[in-house]
Amino acid sequence: MCGIAGYVGPRKAVEVVYDQLKRLEYRGYDSAGIAFLEEGNISVLKRAGKLSVLGEVVDANPDDSHMAIAHSRWATHGAPTDLNAHPHMDQYEQIALIHNGIIENYLELKDELAHDGHDHQFFSETDTEVAAHIIGEEYATGVSLEVAVRQAVKRFRGAYSMVVISKREPGKIVAARSASPLVIGIGVGENMLASDIPALLPYTREMMILDDDQVAILTPEGITITDLNGKEVPYEIMHIDWDIAAAEKGGYDHFMLKEIHEQPEVMSRVLAGRIDEKGQVRLDNVYGEHVWNEIDRVSIIACGTSYNAGLMGKYLFEKLLRLPTDVYYASEFRYGDPILSSRSLCIFISQSGETADSLAALKLCKSQRMRTLGIVNVVGSSIARECDRTILTQAGPEISVASTKAYTAQVLSLIMLVLHIAQIKETPGVRSEQVVRSLRNLPGIAQRVFELEDQVKAVVQTCKDANLFFFLGRGADAYVSLEGALKMKEIAYVPTQEIPAGEMKHGPLALITDGVFAIFGATEEHLRDKVISNIKEVQARGGYVVAITTEEDTSLEKAADATLKIPRTGQTYLDALLSNIVLQLLAYYFAVARGCEIDQPRNLAKSVTVE
Ligand code: M6R
């Protein structure tokens, strides 16, 4: 998704913002640009394609500016071309604007501009250029840049963050936010901003997050935050102690592989401090006993991998707590007239905490006074802040677009929540000594999954020419299969068919021919006989079967063409979590074998902040 960077201070500003953009590359983009002040004029450099293409142009220009803004664009209005890339200038060439999100009423505004008596020439198809012209008209009345921005944003509808510089006011950056993230970095004699924290980490650890309907004015000497009426508002500075190394590849070929390998450590972090020496589960910042006794239905709302984690939540809530649970795609939720009652709990799962569809669904629930609980990875993100209660998933920054460790942290957080509720409600058998032991041993057992890496690579050699994969399972394995298939699609660009194994005979079995590969999850012992029958159905039609089972099992070995055996955790829902790590490795090595770009798959973005 789009990235924003900005800097004002004594350093070489173009160099700084280019570096900041590079640190945002993981968000996905298709063009990039920079605007800076040069001899009293604004220079704009922008190019379609990778940042390195822009880098060549930047290198050819002298860098003696002390104020610059930069943007990486993920096309929404208009194709990814040089002209559509940001920054955009106003009609008087006084200001340059970069922008994330969408101005929903831009056509209406463009029409207003067409009738304002001034000559508006547009060089791009973007909503951003229209916004630049609107700000330009306000600015032309002689007001300061911040006043022009405040006046203009009152006319914009949509979710966006925007940053503006002016040639009339060197040394000043003005930014505004409406439901799209913007972080301000506070330095000494310099200040900066970005759409995401990692971009600022090498420059400062002191940051503040701009709120909706606020405007920030940055100069080298300081920061002022106002509301849309110009009233100064106080702000809180957060100290961010993330390790920069944690945001780098750490010796792995790709962030994705690094993040897959981080999962045992992530598990330890999720569990740390949440199970005391007596085996009691301690979850801070969730509801108290009276609320849990009142709740009779759970609605989980999320997108993509977080949605798949939500399905595991359904499995856990229903199986362990007997609490009816629906899982909704956030993108469908607000248009689907969902049935909610005052006794429902709405759980929002999101790695980034900024997914526009999830945020919109959350706002709908809040408008209906529903109870909202977030399961979110990014501290201070919109979803984390908007939910009544939040469980932070502690996965650390996830850079690869394909989500891996975040899923594990989300599912484990759901498990902790279920155990917490069971403890409060005294639900028999859920939080037992055996369960606590399994959880405590989990990170160590998960580490052993990586002993399978060579076997996974061997399986990949067998199937590297496959052009269709089935992902099949029953029980928890069926839910995990959906996530395995999503990973395969995202990074290896191979079509997949994912469905509970028992459903095959009702249609998808027709797709099985020679050369089709089927990955079966079969970690649940009591379902194995059924799974074996499904395996036979596939093999009888020429399909090649890879089964993921647990290490004590011998039945699958006899039935499948290849078997990958994970260590046992003692709990079926935890076994399923480990089998997902195998699926992640399978997708990763398969994509590597096919020469795919792993960390930034085509057409995808890390944080989807548009609807
Ligand atoms: O940040 P979120 O968890 O809200 O993001 C939701 C999806 O966009 C995300 O999980 C996406 O599906 C990933 N690319 C999956 O790997």
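These numbers come from a predicted model, not from an experiment. Atoms within each ligand, like the ligands themselves, are counted from 1 in listed order.
The closest approach between S607 and ligand 1 stays at or above 4.0 Å for every heavy atom of the residue. For the ligand labelled ligand 1, residue V401 lies inside the 4.0 Å heavy-atom shell.
For the pair R602 and Y493, the cation-pi criterion (under 6.0 Å, within 45° of the ring axis) is fulfilled.
Of the protein's heavy atoms, S352 OG, 2.6 Å lies nearest to atom 1 (O) of ligand 1. Residue, atom and distance of the protein heavy atom nearest to atom 8 (O) of ligand 1 are V608 CG2, 3.9 Å. Of the protein's heavy atoms, C303 O, 3.3 Å lies nearest to atom 6 (C) of ligand 1.
Judged by distance alone, with hydrogens and angles left aside, the side-chain atoms of Q214 form a donor-acceptor pair with the main-chain N or O of D211 at under 3.5 Å. One N or O on the side chain of E398 and one on the backbone of K405 form a donor-acceptor pair closer than 3.5 Å.
Using a 4.5 Å heavy-atom threshold, the side chains of C303 and V608 count as separate. Residues Y160 and V153 have side chains in contact (heavy-atom distance under 4.5 Å, counting atoms from C-beta outward).
Using a 4.0 Å cut-off between heavy atoms, K487 contacts ligand 1 through its side chain alone, with no backbone atom that close. Using a 4.0 Å cut-off between heavy atoms, E490 contacts ligand 1 through its side chain alone, with no backbone atom that close.
Of all the atoms in ligand 1, the ones that sit under 4.0 Å from a non-hydrogen atom of Q351 are 1 (O), 2 (P), 3 (O), 4 (O). Of all atoms in ligand 1, numbered sequentially from 1 with element shown, those under 4.0 Å from a heavy atom of A402 are 16 (O). Here is the list of ligand 1 atoms found below 4.0 Å of a heavy atom in T305: 10 (O), 12 (O), 15 (C), 16 (O). The ligand atoms of ligand 1 that sit less than 4.0 angstrom from a heavy atom of S350 are 1 (O), 2 (P), 3 (O), 4 (O). The S403 neighbourhood of ligand 1 comprises atoms 15 (C), 16 (O), with distances under 4.0 Å to a heavy atom of that residue. For ligand 1, the atoms lying closer than 4.0 Å to a non-hydrogen atom of S306 are 2 (P), 3 (O), 10 (O).
For the residue pair S306 and Q410, a side-chain donor N or O sits within less than 3.5 Å of a side-chain acceptor on the partner. For N377 and T393, the side-chain atoms include at least one donor-acceptor pair closer than 3.5 Å.
Ion pairing between D196 and K606 fails under the 4.0 Å rule for side-chain N and carboxylate O.
The shortest N or O to N or O distance between T355 and ligand 1 is under 3.5 Å.
The aromatic rings of H261 and F450 sit parallel, their planes meeting at an angle under 30°, below the 60° perpendicular limit.
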